[in-house]
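Down below is the structure, laid out as structure tokens.
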Amino acid sequence: MQLELDVRLDPTLGCGQAHRWRKMESGCWQGVVKNEVVTLCQTDDGFSYTGSNERDLKEYFRADDDLGMIVSEISAADPVVADLSSRCPGLRILKQPEWECLATYVLATNVNVKRIAKMVESVCDHYGTDLGERRAFPTPGQILDGKDTISECRLGFREPRFIQLAEGVENGSIDLESMKDMPYEKLTLALQEINGVGPKVADCVALFGFGKLESFPVDVRIQKCVERMYGVTGNYKTVSAFGRGKFGAYAGYAQEFLYHSDFI
DNA sequence: GGGTACCCTCTCGG
DNA sequence: ACCGAGAGGGTAC
């Protein structure tokens, strides 16, 4: 089947916002969407797909986002982003499942991107429902059922946080459903109540999991970038607020373009 | 509010 | 080749 959409799969699926996509030798991408193994192949005006359906893929790729309008808005705010975005067309921010996004980013502390993917895949291989070629991201219950073997996943000091997160979601003390209705700031504060979630992880989860496009996550890379480009320094709150203030409702997109620039 | 340790893996310089 | 040091999407204390 074919989906017509303003998107380039390579930057969108390979940029590190989601961690389970694999580029196959054919150049197509394999991943899991809504508990189905999907294969996506780039075409001139979108991509062809197998294993999923148009409705789920449109949601996952945020097909309602007007990429042209978004890029033009953040480009108007800054010539650097204008240049970067023009050189990276078709990069879209994805809408990942809230639970999967949160659990993934709790693992994404003090490790390189390569190992994040490795830990995530290990957790899926151990506890996720078998979907054939791949496994689903496990539910909190599946993780708790098998937690006696969690050390095999090599999560390091993240292990107790990961288990605690699964317990919280399972017993209802962490209510992701209610967080869907929260505006950006309230959401990030609620997320930071969770052990292992600081301001950076909260911003990433708000952006990639809850679709808060004004979120401007600041990691060490963005911090250097913002200092070099705009001369802005300071603590997390200062730098992220600068990003949201400068780029507005679509600051998350601006952050993606800055993140993938080579100007550090 | 700033400084550190942190579990583990991979990479790099000797 | 082998080994030790260093760094790696940050967070908790």
Side-chain angles (χ1 to χ4, degrees), chain A residues 11-21 84 88 91 93-94 96-126 137 143 147-168 174 187-210 212-213 215-229 232-244 251-264:
Chain A
T12 300
L13 302 178
C15 70
Q17 59 175 318
H19 298 85
R20 296 202 64 203
W21 290 96
L84 293 172
C88 189
L91 168 61
I93 286 179
L94 300 169
Q96 301 176 42
E98 294 81 1
W99 155 249
E100 176 174 345
C101 186
L102 174 57
T104 294
Y105 276 89
V106 161
L107 299 179
T109 62
N110 194 222
V111 281
N112 54 42
V113 179
K114 195 173 172 184
R115 192 151 93 94
I116 297 171
K118 201 168 177 181
M119 289 188 291
V120 171
E121 209 58 24
S122 178
V123 165
C124 293
D125 286 341
H126 274 78
F137 193 88
I143 292 167
K147 70 176 176 181
D148 53 324
T149 61
I150 188 69
S151 63
E152 293 174 7
C153 296
R154 320 301 294 175
L155 306 183
F157 65 81
R158 304 158 200 80
E159 180 185 304
R161 298 175 180 175
F162 190 73
I163 294 297
Q164 199 181 336
L165 174 64
E167 287 170 345
I174 298 171
L187 172 63
T188 53
L189 289 174
L191 287 168
Q192 287 176 78
E193 298 291 310
I194 300 167
N195 188 28
V197 179
K200 190 272 178 182
V201 169
D203 272 338
C204 284
V205 176
L207 179 58
F208 303 125
F210 287 84
K212 304 298 184 191
L213 297 186
S215 178
F216 190 83
V218 180
D219 54 39
V220 58
R221 197 178 162 91
I222 285 292
Q223 190 176 338
K224 286 180 191 165
C225 188
V226 168
E227 178 172 3
R228 174 146 181 231
M229 299 289 178
V232 173
T233 59
N235 60 22
Y236 188 93
K237 198 174 174 184
T238 304
V239 179
S240 61
F242 165 78
R244 290 194 302 279
Y253 268 95
Q255 190 265 12
E256 281 299 288
F257 290 119
L258 290 169
Y259 184 85
H260 299 290
S261 70
D262 295 323
F263 308 119
I264 305 180

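So that the names make sense, note that chain A is the first sequence line, chain B the second, and so on, each numbered from 1.
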Using atom types as modelled and distance alone, determine if a side-chain donor or acceptor of [X] lies under 3.5 Å from a backbone N or O of [Y].
{"X": "A/Ser215", "Y": "A/Asp203", "value": "yes"}
{"X": "A/Gln96", "Y": "A/Cys101", "value": "no"}
{"X": "A/Arg20", "Y": "A/Val120", "value": "no"}
{"X": "A/Tyr253", "Y": "A/Leu213", "value": "no"}
{"X": "A/Gln17", "Y": "A/Thr12", "value": "yes"}

Relative to the 5' end of DNA chain C, which residue comes earlier, A/Gly196 or A/Asp219, by the nucleotide with the nearest heavy atom? A/Asp219
Protein-nucleotide distance ([X], atom [atom1]; [N], atom [atom2]), rounded to Å:
{"X": "A/Lys200", "N": "C/dA12", "atom1": "NZ", "atom2": "P", "result": "13 Å"}
{"X": "A/Ile116", "N": "C/dG8", "atom1": "CD1", "atom2": "C1'", "result": "9 Å"}
{"X": "A/Asn235", "N": "B/dG3", "atom1": "CG", "atom2": "P", "result": "12 Å"}
{"X": "A/Glu159", "N": "C/dT11", "atom1": "CD", "atom2": "C1'", "result": "17 Å"}
{"X": "A/Gln192", "N": "C/dC13", "atom1": "CD", "atom2": "P", "result": "14 Å"}
{"X": "A/Leu165", "N": "C/dT11", "atom1": "CG", "atom2": "P", "result": "14 Å"}
{"X": "A/Arg161", "N": "B/dC8", "atom1": "CZ", "atom2": "P", "result": "14 Å"}
{"X": "A/Leu155", "N": "B/dC6", "atom1": "CG", "atom2": "P", "result": "18 Å"}

NA contact type, [X], heavy-atom cut-off 4.0 Å: base, sugar-phosphate, or nothing?
{"X": "A/Gln17", "result": "base"}
{"X": "A/Gly156", "result": "base"}
{"X": "A/Pro199", "result": "sugar-phosphate"}

Could you give me the stems involving DNA chain C, meaning stretches of three or more consecutive Watson-Crick or G-U wobble pairs whose two defining distances are both below 3.5 Å?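 Consecutive-pair runs (3 or more) involving DNA chain C: B:3-6 with C:10-13, B:8-14 with C:2-8.
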What is the ring orientation for A/Tyr105 with A/Phe208, classed by angle as parallel under 30°, tilted 30 to 60°, or perpendicular over 60°? parallel
Looking at side-chain heavy atoms only, is the closest gap between A/Ser261 and A/Cys225 below 4.5 Å? yes
Side chains of A/Leu165 and A/Val197: closer than 4.5 Å at any heavy-atom pair?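 Contact flag for A/Leu165/A/Val197 side chains = no.
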When you measure from the side chain of [X], which nucleotide among [options] comes out closest?
{"X": "A/Lys118", "options": "B/dC8, B/dC10, C/dG10", "value": "B/dC10"}
{"X": "A/Arg115", "options": "C/dG10, C/dA12, B/dT9", "value": "B/dT9"}
{"X": "A/Arg158", "options": "C/dG10, B/dC7, B/dT9", "value": "B/dC7"}
{"X": "A/Phe157", "options": "C/dT11, B/dT9, B/dC7", "value": "B/dC7"}

Could you tell me how far [M] sits from [N] if I compare only their [atom1] atoms? Round to whole Å.
{"N": "C/dC3", "M": "B/dC7", "atom1": "P", "value": "24 Å"}
{"N": "C/dA5", "M": "B/dA5", "atom1": "P", "value": "15 Å"}
{"N": "B/dT9", "M": "C/dA1", "atom1": "P", "value": "23 Å"}

Proximity to DNA chain B (any heavy atom under 4.0 Å), residues of residues 103-114 of chain A only: A/Asn110, A/Lys114
Residue pair A/Pro11 / A/Cys88: nearest heavy atoms and the distance that separates them: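 Nearest pair, atom of A/Pro11 first, then A/Cys88: CB-SG, 3.9 Å.
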Examine the side chains of A/Ser122 and A/Asp125 and answer whether a donor and an acceptor come within less than 3.5 Å of each other. no
